[in-house]
Undergrad: 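I am attaching a structure below and will ask some questions about it afterwards.
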Protein chains: 2
Amino acid sequence: MTRPPRRPLTLRDVSEAAGVSEMTVSRVLRDKGDVSAATRQRVRDAAKRLGYVPNRIAGSLAGGRVNLVAVVIPSLKNMVFPEVLSGISEALAGTGLQPVVGFTDYLPETEEQVLYEMLSWRPSGVIVAGLEHSPASRAMLTQSGIPVVEIMDTDGIPIDACVGISHRRAGREMAEAILAEGYRRIAFLGTKMPLDHRARKRLEGFAERLSEDGIAIADREFYSGGSALAKGREMTQRLLERSPDIDFIYYSNDMIGAGGLLWLLERGVDVPGRIGLAGFNGVELLDGLPRQLATMDACRREIGRRAAELIAARQPGTAIVTPERLDLSPTIAWGDTLRRSTRPAKQGDPAPA
Amino acid sequence: MTRPPRRPLTLRDVSEAAGVSEMTVSRVLRDKGDVSAATRQRVRDAAKRLGYVPNRIAGSLAGGRVNLVAVVIPSLKNMVFPEVLSGISEALAGTGLQPVVGFTDYLPETEEQVLYEMLSWRPSGVIVAGLEHSPASRAMLTQSGIPVVEIMDTDGIPIDACVGISHRRAGREMAEAILAEGYRRIAFLGTKMPLDHRARKRLEGFAERLSEDGIAIADREFYSGGSALAKGREMTQRLLERSPDIDFIYYSNDMIGAGGLLWLLERGVDVPGRIGLAGFNGVELLDGLPRQLATMDACRREIGRRAAELIAARQPGTAIVTPERLDLSPTIAWGDTLRRSTRPAKQGDPAPA
DNA sequence: ATGAAAGCGCTAACAG
DNA sequence: CTGTTAGCGCTTTCAT
């Protein structure tokens, strides 16, 4: 490929083509200040004809305003984040603000670099996943002087503002529901992520609530990498071979939960009679499995939306007062794998074991 | 929340704190030019102590270089794009380039706006999904004078360079395989997306190959929105009620294919004996289903990686010659739902119908 | 309603 | 090795 390296067009080119000052062109292109309809038209035509695209680098430097919002998340592999991003993107559409995304891979050090990188563009706001940051990251965010919204989690003290759910409470509530349905030999299967603070907090809240009823987690196992569905199968199998008397499995996400569910159904195990299951996230993706896995919505899209709205509301000129903490309340989706109470048999149910 | 609006620090602040010229600070911070170890240390300390974050807006304007790569994709809802993005992100890590993502929602007009928006930041390259663009978008990209890589699709003429697969050929090859296995009453189920050119091209190639054997698509149906797994179930059911003699269903994506597969297995239908199935994309997510759906890898991650590498290779200073067309060759993953030839029975197989 | 002048904060290019 | 001088392309401010 060889294309002639053209000098990018500048305001001056348009100004010459339209026969007006650069200033007037600038005014027309930004709809700022009074310009006669005739001039406006000439300028618009010239700009379009030349294919002029303004240089925001220069514009931002001069104007002191940047229409960028930094979004810092761990990864796109974890299905929750694409949805959060969609929410952000949706809410930002029409505000003139644009998301810029960076990934941390759950590494505090990478987060630090990414934040530095993004802040160096002087964005109008930052949305960052989680409340746990390195001291250097905290310092940068605090110093930045722009709105900072920490998302996903509300168990902790936000630097500036936060939008999310309490994962500790989410774990507690699921434990509560499980106990209420009479399960007692309860196991946990999850990701091995020392740095996934939200999964950790869920497990902590979960274990805490169980212990209040004098119950300990009967068995547990952690995994990393690979297809979650397949992992869910394997782990469930190993778990039940090791601890055959387990009557409930709490999974740290819906995908491994679905894997476990499929494995159990294939073996004709009575779910939720003999064994109950629950996951976490409420991934819509799984609607359509033979049975609906019990889960809890992580409010992903709404978190994204609200965080973005918060940033937008804090732009200079907007006098809206915004909360510094938005604690959303996910509710349990009971599905077909948690409630023990009898229900009409469904077509496709395997015979009880 | 009320934080004191601080004046952001500038090079001058660091320069004064360290007792050297702004230029020297600039050199240290960019590791450019020779600076004595002692001075370097003093500058580094001062910058860190003050919490200085350079202003790239100014830097880019002065230096004429922007470390941003614009990535323009339809949406994150379609699972393929998070993976493409991951590939891009991976390949860009370490090059000093940073992806900036924009979404088009499959709308040419939105694409136009997003491109305009992104080009106004004078990025060092553009990665954009698809080969179909509005005339205005084409003009902008051509004018931009920066490397443009169109991804996902190679059926068409790239503006500058492209990386992807031929969806037409993908459709043909799947048709070929299906015919080779002896299926003859073949249906198509897919998304109703007049603007998803890749799905369209797959279907075209597919139908074309069938017709070469004198076979027409026996039935077809399109959907939009909702959970793909559930849609796959519904559509498969309706299809088979309407056309009970169908012996193969080609799905436009793996998720609806998986829905169909689950529905058929629940009913004890012999797959792939009585009816064969195939999807598209090769989503790893589904590894762990009772049967592995036949599919074709869309090379998502690799497309992202190669596109990013191409952009990186075209940066000024890099003299690497890059191809203008990279046509990846996806291969059929036969799974358990396409090959009719007898195979050892697997545990969990339903009895033949 | 339009134009002219003065930077925004940084880096390229040149001096020393 | 370090400093000085000009801008980068736009917007702000002040004239006209």
Undergrad: Between A:Leu76 and A:Leu85, is any pair of side-chain heavy atoms under 4.5 Å apart?
TA: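 Yes, at least one pair of side-chain atoms sits under 4.5 Å.
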Undergrad: I want to check one thing: is the phosphate of C:dA1, taken as OP1 and OP2, less than 4.0 Å away from some side-chain N or O of A:Thr39?
TA: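 Looking at the OP1 and OP2 atoms of C:dA1, neither is under 4.0 Å from any side-chain N or O of A:Thr39.
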Undergrad: Any donor-acceptor pair under 3.5 Å linking the side chain of A:Thr142 with the backbone of A:Arg138?
TA: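 Between the backbone of A:Arg138 and the side chain of A:Thr142 there is a qualifying donor-acceptor contact (under 3.5 Å).
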Undergrad: Nucleotide by nucleotide, 5' to 3', does protein get under 4.0 Å of the base (B), only the sugar-phosphate (S), or neither (-) in nucleotides 7-14 of chain C, counting heavy atoms?
TA: BBBBBBBB
Undergrad: Short question: side chain of B:Ser60, backbone of B:Arg56 - any donor-acceptor pair under 3.5 Å?
TA: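 Looks like yes, one N/O pair under 3.5 Å.
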Undergrad: Specify the closest pair of heavy atoms between B:Pro74 and B:Thr104, including all atoms of both residues, with the distance to one decimal.
TA: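 Heavy-atom minimum between the residues: CA-OG1, 3.1 Å.
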Undergrad: Sub-3.5 Å donor-acceptor pair from the side chain of A:Ser124 to the main-chain atoms of A:Val66, do we have one?
TA: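 Confirmed, A:Ser124 side chain pairs with A:Val66 backbone.
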Undergrad: Keeping B:Asn67 on the side-chain end and B:Leu97 on the backbone end, is there a donor-acceptor pair under 3.5 Å?
TA: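 Side chain of B:Asn67 to backbone of B:Leu97, a donor-acceptor pair under 3.5 Å: no, none is there.
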Undergrad: Taking any atom under 4.0 angstrom from a heavy atom of chain B, which nucleotides of DNA chain D are the first and last to qualify, 5' to 3'?
TA: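 Result: D:dC1 to D:dG9.
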Undergrad: Any idea which heavy atoms bring B:Ser86 and A:Lys77 closest together, and the distance?
TA: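 Minimum heavy-atom separation between B:Ser86 and A:Lys77: OG-CE, 4.3 Å.
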Undergrad: As a test of understanding, state which of B:Arg49, B:Lys48, B:Gln41, B:Arg42 forms a side-chain hydrogen bond (donor to acceptor under 3.5 Å, both in side chains) with B:Asp45.
TA: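 Running side-chain hydrogen bond (donor to acceptor under 3.5 Å, both in side chains) over B:Arg49, B:Lys48, B:Gln41, B:Arg42 with B:Asp45 returns exactly one hit, B:Gln41.
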